[in-house]
2 protein chains.
Amino acid sequence: MNNPITEQAFLSQYNIHDFDVPLCTVDMTIFTVQDEQLKVLLVKRAQHPAMGQWALPGGFIDLENDTTIDDTAVRKLRQKTGVQTPYLEQVATVGNRLRDPRGWSLTVLYFALISSQGIELANDASSMEVVWMPYTKACDLSLAFDHHQLLEQSYQRLRSKVLYTSLPIHLMPTTFTLPRLQKTYEIILGAPLQKKSFRKRILDANIIEETGDKEPGVTRPAALYRAKAEHGLHVFPRTLEGVNCTP
Amino acid sequence: MNNPITEQAFLSQYNIHDFDVPLCTVDMTIFTVQDEQLKVLLVKRAQHPAMGQWALPGGFIDLENDTTIDDTAVRKLRQKTGVQTPYLEQVATVGNRLRDPRGWSLTVLYFALISSQGIELANDASSMEVVWMPYTKACDLSLAFDHHQLLEQSYQRLRSKVLYTSLPIHLMPTTFTLPRLQKTYEIILGAPLQKKSFRKRILDANIIEETGDKEPGVTRPAALYRAKAEHGLHVFPRTLEGVNCTP
DNA sequence: TGAATAGTGTCTGTGAGACAATATCGT
DNA sequence: ACGATATTGTCTCACAGACACTATTCA
């Protein structure tokens, strides 16, 4: 045995500052659909490094106050949007030597989906500006660090899950119509879907229910639905077909 | 502007040791199929903490030699198995205050799939023993840290992807028969599949090709196949049905 | 020839795609 | 009644499941 001391003794002399450790952060891709467009929340960084550049919101884990890494993500989201309970999903962790000028750095990437209804974007000391940026426009911008690649990864995850899950429900306000939900699918996929099969798919999944009301409008009013309690995420046994090209 | 210094000045005075940072590791779930069983590689830890306990192989990022976090995973895998180019996939990152007695800790969890053919398990200083443990048995053991939960997460990811991808091909030796591949699917899923539809599914996917040889045997010899170059991962448009219970 | 395993023929059911037809609103 | 949008009817096609049938090997 090469380690004759007790675990307690080992722990008492262990000091993480004796080791070279990577920088460790959480980055968020917060998506919403607004004005018939997929948008992503970007901040203009108020501090070094990459000061003045557009970036995904994110930051360090607060070892004092965050019990889990999901807490960090939730906290970041709340700071910018005030939203408490979004759909939140870990996308991937990207770590390498070059992505941050401060040194070997690792970031845990999340995406969140929220309805844009009644959201007030909020600055804090870390950002000069906070905006909903259309996804396509965000792709054209030069983003801080490797955030361009992170954004791309989040979108790919979002898009592929839209093909076989009920994810877009989390982008809707509490009540919504089936045509609006279909439109949301179409915006993310960048391709039209068939009305009939879309309705059947969603209704058969038994994840939404009619409120009984209709959406007022200039033409035939559509039935309003709400997500059933604890709908979480429905996984369909077949993917949407004919939608296999990235737009 | 609250930060009038230049980025260069900022970077020159930045020192990661001024901050509280989490412990940061990589853990591996290395799966193989052997003796008609799904097995996972476990090590008996030779060092504190959790010395003497069974654990998933893993360790710290080597900031000197690992350029990316995938490098760390590949290195860990090679240390234990000698395998160079397995199927490797990031499962999730688990970080919280309690999972490691040394403090706030974060681990990036990977799973790897390898054929058990011609693998020599290798000890190093960090482990007293390295074994292929049947998955069901590993679940019954008490594993170090939260490795029980990590193992469970990896298995769930593996199982769900087996339902709609060609993943198990990466568990096969370079040449294999369709009945063996089907058996591999069945072992992971814990349920039998229909011969006819399984064969059609795989062959239509156009990801394997006949070698022209037959596997010798006491009964009718089966045709040997190999994965086509650059097969990567095929995603089927439908999941396998009737296999929706976890065994 | 018979046991054992490999491989095929064929029917059913389900759900996505296509697209036409009908329903319901405001004006 | 008309334009616009919602909702439904119905046909086709691809593919997973079921299961019986045929093929090929060794002893």
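Basis for what follows: all heavy atoms, side chains included, without hydrogens, waters or symmetry-related copies. Convention: sequence-line order gives letters A, B, ...; per-chain numbering from 1.
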> Is there a donor and acceptor pair, one atom on the side chain of K200(A) and one on the base of dG15(C), closer than 3.5 Å?
Replying inline: no

>> On a heavy-atom basis, which atom in K80(A) and which in V130(A) lie closest, and how many Å separate them?
In response: CD-CG2, 4.5 Å

> Between dA16(C) atom P and Y164(A) atom OH, what is the distance in whole Å?
Replying inline: 15 Å

>> In this structure, how many angstroms lie between the P atom of dG13(C) and the CG atom of L240(B), rounded?
In response: 21 Å

>> Nearest to the side chain of E241(B), heavy atoms from C-beta on, is which of dA6(C), dG17(D), dA6(D)?
In response: dG17(D)

>> For T219(A) and K196(A), find the nucleotide of DNA chain D closest to each by heavy atoms; which residue's nucleotide sits nearer the 5' end?
In response: T219(A)

> What's the CZ-C1' distance between F198(A) and dA16(C), to the nearest Å?
Replying inline: 13 Å

>> Tell me if the side-chain of R238(A) makes a donor-acceptor pair with the base of dG15(C), cut-off 3.5 Å, by modelled atom types.
In response: yes

> Between dA23(C) atom C1' and K214(A) atom NZ, what is the distance in whole Å?
Replying inline: 10 Å

>> Once hydrogens and angles are ignored, does a donor-acceptor distance under 3.5 Å link the base of dA23(D) to the side chain of R220(B)?
In response: yes

> So does R201(A) get a side-chain nitrogen or oxygen closer than 4.0 Å to the phosphate oxygens (OP1/OP2) of dG15(C)?
Replying inline: no

> With no angle test and no hydrogens, is the base of dT8(D) tied to the side chain of K195(A) by a donor-acceptor pair under 3.5 Å?
Replying inline: no

> dA18(D) phosphate, OP1 or OP2: any side-chain N/O from Q194(B) under 4.0 angstrom?
Replying inline: yes

> To the nearest angstrom, how far is I202(A) atom CD1 from dG15(C) atom C1'?
Replying inline: 13 Å

> Taking for each residue the nucleotide of DNA chain D bearing the nearest heavy atom, is the 5' side occupied by L178(A) or by V218(A)?
Replying inline: V218(A)

> Between F236(A) and Y225(B), who's closer to the 5' end of DNA chain C by nearest nucleotide?
Replying inline: Y225(B)

>> Closer than 3.5 angstrom, by distance alone: can the side chain of R226(B) be matched with the main-chain N or O of T175(B) as a donor-acceptor pair?
In response: no

> Has Q117(B) got more than 12 heavy atoms of other residues, nucleotides or ligands less than 6.0 Å from its CD?
Replying inline: no

> Nearest-Å distance, CG (L203(A)) to P (dA6(D))?
Replying inline: 14 Å

>> If I take atom CD in residue E215(A) and atom P in nucleotide dA6(D), what distance separates them, rounded to the nearest angstrom?
In response: 8 Å

> Is a donor on one side and an acceptor on the other found under 3.5 Å between the side chain of T32(B) and the backbone of S116(B)?
Replying inline: yes

> What's the CG-C1' distance between L193(A) and dA18(C), to the nearest Å?
Replying inline: 13 Å

> Just by distance, do the side chain of D71(A) and the backbone of T68(A) share a donor-acceptor pair under 3.5 Å?
Replying inline: yes

